[in-house]
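See structure below.
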Amino acid sequence: MQAKLTLHPAFQVGKVDPRLFGSFIEHLGRAVYHGIYEPDHPTADDQGFRRDVLELVRKLGVTVVRYPGGNFVSGYRWEDGTGDRAKRPRRADLAWGDIETNEIGIDEFQEWCKRAGAELMMAVNLGTRGPEEARQLVEYCNFPGGTELSDRRRANGLEDPFGIRLWCLGNEMDGEWQMGAKTAEEYGRIACEAAKLMKWTDPTIELVACGSSHYGMCGNWEETVLRHVYEHVDYISLHSYYGNPNDDTPEFLSCSLLMDEYIRTVCAIADYVKKIKNSNKTMYLSFDEWNVWFHSNGAKLPKWTVAPHRLEDVYTLEDALLVGCMLITLLRHCDRVKIACLAQLVNVIAPILTENVDEGGRAWAQTIFYPFLHASLYGRGTVLTPIVSCPTYSVRRYPEVPYVETVAVVSDDGSEMTVFAVNRSADEVIDFTVDLTACAKAPAVIEHLTMTHADKRAVNTADDPQNVCPDASGNAAIDGATLTAELAPYSWNVIRIKL
Ligand code: AHR
């Protein structure tokens with residue numbers, strides 16, 4: 001099979017917002033406790049944060065981390081996670097059926113973000129609480145001092161305001177599983193009032209309104225909510241998880257086309273509301289939960305325990321291929337999608353897994369770690385419009401799924417271009433050519449990283465953490481202005497070119 005990508009430097013999708021490489025930490029399972037925080041761990045720092053995990057997070061180049069939920073936030077009292085730790089309450093978290101000790105809260109997590117080199121994206125509870133508590137949290141976090149709440153923060157030993165810029169107005173408020181779920185009208189009103197109070201408290205913040213929980217619920221929800229909040233918020237959220245419960249890999253690997261359709265649909269709805277409002281403001285998208293998630297579904301765990309092994313999906317090669325396709329899809333929409341969060345970051349449906357200290361205390365990178373790493377390292381800059389000609393296959397929903405998913409990003413200084421490509425074929429090597437005629441005089445290949453495995457279900461484990469990982473064995477070469485490369489069956493490819 002043959003596939004061709006044609007590029008021209010003048011044909012650009014747009015500039016990538018670095019916040020496209022975000023992630024998510026929820027108080028859920030072992031994401032916080034035994035994930036990022038384990039004071040007894042040999043690598044624990046002065047605040048009890050695991051340095052082995054911090055190292056992996058920094059390596060990934062995660063730019064922004066959404067916190068503290070997720071479903072958890074819809075019953076959360078943010079005050080529980082502030083001040084004297086000895087006095088913090090243990091509470092039953094109704095979202096996941098776990099006990100929350102509140103040993104970690106905003107006081108500590110803002111410090112973890114600094115150590116991870118990431119921006120904090122804070123979510124407020126619009127489920128069981130409302131605009132006033134949301135406003136109070138902004139005041140606690142961002143007010144310099146001189147009010148009861150900001151002075152409370154200072155008395156807690158945190159003199160400097162946290163300066164949190166990015167705030168989510170609740171989480172998945174359309175879902176019946178959500179504590180305090182709402183109709184679109186109810187949510188639109190409350191989100192609008194919360195947005196006003198929060199921005200009056202700190203006019204520099206940016207706000208994300210809840211879109212639908214998944215594409216199946218998209219449509220009326222976005223339209224109604226946006227009619228209420230259009231002039232008060234900056235982003236509308238999207239969430240998507242895909243799985244392969246029936247072991248239908250061709251169908252599974254086509255799920256990034258659903259993500260693409262979802263993004264295009266939300267843009268269309270947002271632009272429709274823009275017209276109705278006669279507004280000149282463009283609504284941007286925050287894809288603040290996305291991943292593969294299905295391996296752990298149906299696992300039954302006892303209720304009301306602290307930090308159980310919940311939602312710990314072990315990711316395969318084929319999962320990494322879909323994650324690669326989804327990253328390419330996000331890049332191709334970088335003109336509208338400004339924020340995206342791989343959900344989640346540690347242990348819970350995550351690229352990083354850890355053992356508790358009494359299980360051995362190791363931390364390692366799952367298969368999905370690598371496409372994210374590469375996109376985060378080499379996907380910053382300007383995305384060129386991909387003109388792709390490629391054979392296709394058909395699945396139930398889509399008659400034409402391209403065998404190659406691809407995009408190219410030119411670095412900010414113009415010295416490098418990276419082509420990302422996934423081969424969706426199980427057994428065919430694809431002869432891939434990239435026409436660079438318009439791009440550079442004498443381009444040269446820096447390296448062709450590739451990740452594949454003879455077994456599409458291969459995973460990484462604590463004992464074999466490098467079983468599925470990339471190497472520089474790809475054969476990309478340039479002759480004149482044409483790049484040629486063989487894309488191995490079921491492979492993730494990163495071709496770096498010197499311009
Ligand atoms: O990421 C896991 C859960 O998925 C989140 O808590 C929720 O927002 C979504 O349904």
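Values below: all heavy atoms of this structure, side chains included; hydrogens, waters and symmetry mates excluded. Just follow the structure's listing: the first ligand is 1, and inside any ligand the first atom is 1.
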Tell me, which protein residue and heavy-atom name are nearest [atom], and how many Å apart are they?
atom	value
atom 10 (O) of ligand 1	Glu172 OE1, 2.7 Å
atom 6 (O) of ligand 1	Glu26 OE1, 2.6 Å
atom 2 (C) of ligand 1	Gln344 NE2, 3.5 Å
atom 7 (C) of ligand 1	Asn71 OD1, 3.2 Å
atom 8 (O) of ligand 1	Glu289 OE2, 2.7 Å

Practice item. Check whether any side-chain N or O of Arg362 sits under 3.5 Å from a backbone N or O of Glu355 as a donor-acceptor pair, and report yes or no. Key: no

Exercise for review: Under 4.0 Å, heavy atoms only, figure out whether ligand 1 is touched by the backbone of Trp290, its side chain, both or neither.
Suggested key: neither

Review point. Which one holds for Val348 and ligand 1: side chain close, backbone close, both close, or neither close, with close meaning a heavy atom under 4.0 Å?
Key: neither

Any idea which atoms of ligand 1 are less than 4.0 Å away from a heavy-atom of [X]?
X	answer
Asn171	7 (C), 8 (O)
Tyr241	1 (O), 2 (C), 4 (O)
Phe24	1 (O)
Gly70	5 (C), 6 (O), 8 (O)

**Study point:** Whether Ile349 lies under 4.0 Å from ligand 1, heavy atom
**Key:** yes

Review point. Of all the heavy atoms in Trp293, does at least one lie under 4.0 Å from an atom in ligand 1?
Key: yes

Exercise for review: Please determine if Glu223 and Arg227 form a salt bridge, counting it only when a charged side-chain N lies under 4.0 Å from a carboxylate O.
Suggested key: yes

Point to revise | Salt-bridge contact Arg332-Asp260 (side-chain N to carboxylate O under 4.0 Å) | key: no

Exercise for review: Can you establish whether the number of heavy atoms outside Arg58 located under 6.0 Å from its atom CZ is more than 12?
Suggested key: yes

What are the two closest heavy atoms between [X] and [Y], and how far apart are they?
X	Y	result
Tyr370	Ala365	OH-CB, 3.8 Å
Ser491	Leu321	C-CD2, 3.5 Å
His239	Tyr262	O-CE2, 3.3 Å
Arg380	Thr63	NH2-CG2, 3.5 Å

Check your understanding: Less than 4.5 Å apart, any side-chain heavy atom of Pro470 and any of His374?
Key -> yes

